[in-house]
Engineer: 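Before anything else, here's the structure in question.
For clarity, every value in this text was computed on a predicted model and none was experimentally measured. In the text below, chain A, chain B and the rest are named by the order of the sequence lines, each starting its count at 1.
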2 protein chains.
Amino acid sequence: MAQRDTRERIVSTADLLFYERGYEATSFGDIASAVGISRGNFYHHFKTKDEILSAVIAQRLGDRQMMTQRWEAQESDPRSRIERFIDILLVNGEKIRRHGCPIGTLTSELAKLGHAAQAEAVHLFSLFRDWLAEQFARLGRPADADELALELLSRSQGAATLYNAFQDRAFLDREVAAMKHWLQQLAADASAAK
Amino acid sequence: MAQRDTRERIVSTADLLFYERGYEATSFGDIASAVGISRGNFYHHFKTKDEILSAVIAQRLGDRQMMTQRWEAQESDPRSRIERFIDILLVNGEKIRRHGCPIGTLTSELAKLGHAAQAEAVHLFSLFRDWLAEQFARLGRPADADELALELLSRSQGAATLYNAFQDRAFLDREVAAMKHWLQQLAADASAAK
DNA sequence: GTCTATAGATAGATAGAC
DNA sequence: GTCTATCTATCTATAGAC
């Protein structure tokens, strides 16, 4: 299955380069030389640049879905699961400092390009939005679970953007602490209401 | 002063196109045809693409500085001034829905490109950061004025990014209301401490 | 100060040998 | 399935006529 291997290597390499340099700024030649194949071979696997973008987004969707499933398996209570989401900012801190959030920056770029795949990229946000909403509902906030999910997504996006701009680690740590404190208050209020 | 006019038209047009399509995706030809001049004439005013980017950032800096000065002239108390900042999200709502925040998206793109002008673009954030910090200090929070300024900047960035992605006006309105409520609490706490 | 013409590099994409 | 060679379009940038 050498074909399958090459295809996967192309997608993984494109995923990384699209994140680090941006979609528009990454050429077929960049990807081909990074994978170690010729441009001609490249076109045997993907006919257009749009095709590889779709494959990259699909891979990211799969990755993130596995991530949330792992959190569900490892953490039993919704608050701990949501904390795992917040911790992405710390776990991927160095990457975010250099290249921003891989979901937010891709979505923004595709929106500007008027690219058809923008809707697919937004699915990446929707995946976390829906998963977080489910956790907030279980935490005792079924009525405004979706609003809380969007609010947390929004805060993490803002933190990623400003950390990328200012590169101020103290700011990132404060934002993470603030989100966890906000989450703790929600959990405490929910317990008191019972 | 036909030269000066042409130069200004180039900068204004580039400013708009860089915002709507992104810096990398906008070519000299795009700018030249939008202005209504030839590509050759273009190079009489700007020798490289980097030069025009610097001019665009400088113009945005001037615009935003005038904006904050206008807010200072029109609003006497710091809380009203900070509210004017929050209101940008509503005033420019339609543009943000389609193209995101002009400062956040430019900074992110330049960071990915490893572009030298990224530092200049971050100055745009710093301008608002410093101005907001001054207002928070006057509001009675001199000790953590800069932290509060970054927190508000962060929230507005997150709101802009998610509004651009989901295009959900109700979400944007909720975020604006939440920021104003947070500001009101800060002002009330500051008054009580006196 | 504005234009046309064009260089030189690189982009996405294709054809065909092996 | 991988390669080389090549096409066409477009990009940034320059030269020189008017």
Side-chain angles (χ1 to χ4, degrees), chain A residues 1-58 106 109-110 112-118 120-121, chain B residues 1-58 106 109-110 112-118 120-121:
Chain A
M1 295 271 173
Q3 180 188 2
R4 177 113 210 140
D5 282 352
T6 301
R7 196 195 139 92
E8 283 176 3
R9 276 163 58 214
I10 290 173
V11 175
S12 294
T13 304
D15 188 356
L16 184 68
L17 292 179
F18 287 171
Y19 175 41
E20 292 183 348
R21 308 182 191 178
Y23 172 70
E24 183 90 353
T26 303
S27 72
F28 275 29
D30 292 337
I31 302 170
S33 67
V35 174
I37 60 172
S38 69
R39 270 174 297 172
N41 186 4
F42 195 103
Y43 281 89
H44 176 73
H45 300 278
F46 295 97
K47 278 159 199 154
T48 66
K49 202 179 175 182
D50 290 359
E51 269 187 32
I52 190 172
L53 175 60
S54 287
V56 165
I57 293 173
L106 179 65
E109 184 182 1
L110 296 182
K112 276 189 200 293
L113 295 174
H115 199 290
Q118 206 255 356
E120 299 174 49
Chain B
M1 294 269 174
Q3 181 187 0
R4 177 110 210 142
D5 284 351
T6 301
R7 197 194 139 93
E8 283 176 3
R9 276 162 58 214
I10 290 174
V11 174
S12 294
T13 304
D15 188 356
L16 185 68
L17 292 179
F18 287 171
Y19 175 42
E20 292 183 348
R21 308 181 190 177
Y23 171 70
E24 183 90 355
T26 302
S27 71
F28 275 29
D30 293 335
I31 303 170
S33 67
V35 174
I37 59 171
S38 69
R39 270 172 299 172
N41 185 4
F42 195 102
Y43 281 88
H44 176 74
H45 301 277
F46 295 97
K47 278 159 199 153
T48 66
K49 202 178 176 184
D50 290 359
E51 269 186 32
I52 190 171
L53 175 59
S54 287
V56 166
I57 294 174
L106 179 65
E109 184 182 0
L110 296 182
K112 277 189 199 293
L113 294 175
H115 199 289
Q118 207 256 355
E120 298 174 49

Engineer: Just N and O in the side chain of A:T48: are any of them under 4.0 Å from OP1 or OP2 of C:dA13?
Structural biologist: no
Engineer: If you check the A:Y43 side chain, which of D:dT2, C:dT2, C:dG12 turns out closest?
Structural biologist: C:dG12
Engineer: Could you state the atom-to-atom distance from NE2 of B:H45 to P of D:dT12 in whole Å?
Structural biologist: 17 Å
Engineer: Indicate whether the side chain of B:D15 and that of B:S12 have a donor and an acceptor atom separated by less than 3.5 Å.
Structural biologist: no
Engineer: So, OP1 or OP2 of C:dT14: does either fall under 4.0 Å of a side-chain N or O from A:H44?
Structural biologist: no
Engineer: Could you state the atom-to-atom distance from CD1 of B:I52 to P of D:dT12 in whole Å?
Structural biologist: 11 Å
Engineer: Return the nearest nucleotide to the side chain of B:K49; candidates are C:dT2, D:dA13, C:dA13.
Structural biologist: D:dA13
Engineer: Would you mind reporting whether B:E109 and B:F18 have side-chain heavy atoms less than 4.5 Å apart?
Structural biologist: no
Engineer: Classify the ring geometry between B:F28 and B:Y43 as parallel (under 30°), tilted (30 to 60°) or perpendicular (over 60°).
Structural biologist: tilted
Engineer: Mind checking the CZ-CD1 spacing from B:R39 to B:I31? Nearest 0.5 Å is all I need.
Structural biologist: 12.5 Å
Engineer: Under the criterion side chain to side chain contact (heavy atoms under 4.5 Å, CB included), I'd like the reasoning laid out for A:I57 against A:S54: C-alpha separation, chi angles, the key distance, then a yes or no.
Structural biologist: CA-CA 5 Å; A:I57 293 173; A:S54 287; 5.8 Å; no
Engineer: Whole angstrom is fine here: how far is it from CG in A:D5 over to C1' in D:dT2?
Structural biologist: 15 Å
Engineer: Check DNA chain C against residues 19-29 of chain B and give the residues with a non-hydrogen atom under 4.0 Å, in numerical order.
Structural biologist: none
Engineer: Look up atom CD in B:E24 and atom CD in A:E24, then write down how far apart they are to the nearest 0.5 Å.
Structural biologist: 6.5 Å
Engineer: When you look at B:H115 and B:D50, which way does the side chain to side chain contact (heavy atoms under 4.5 Å, CB included) test go after all the steps?
Structural biologist: CA-CA 9 Å; B:H115 199 289; B:D50 290 359; 3.0 Å; yes
Engineer: Using heavy atoms and a sub-4.0 Å distance, could you list which residues of residues 30-41 of chain A are near DNA chain D? By number, please.
Structural biologist: A:I37, A:S38, A:G40, A:N41
Engineer: Out of curiosity, B:T48 OG1 to B:E51 CD, how far, rounded to the nearest 0.5 Å?
Structural biologist: 4.5 Å
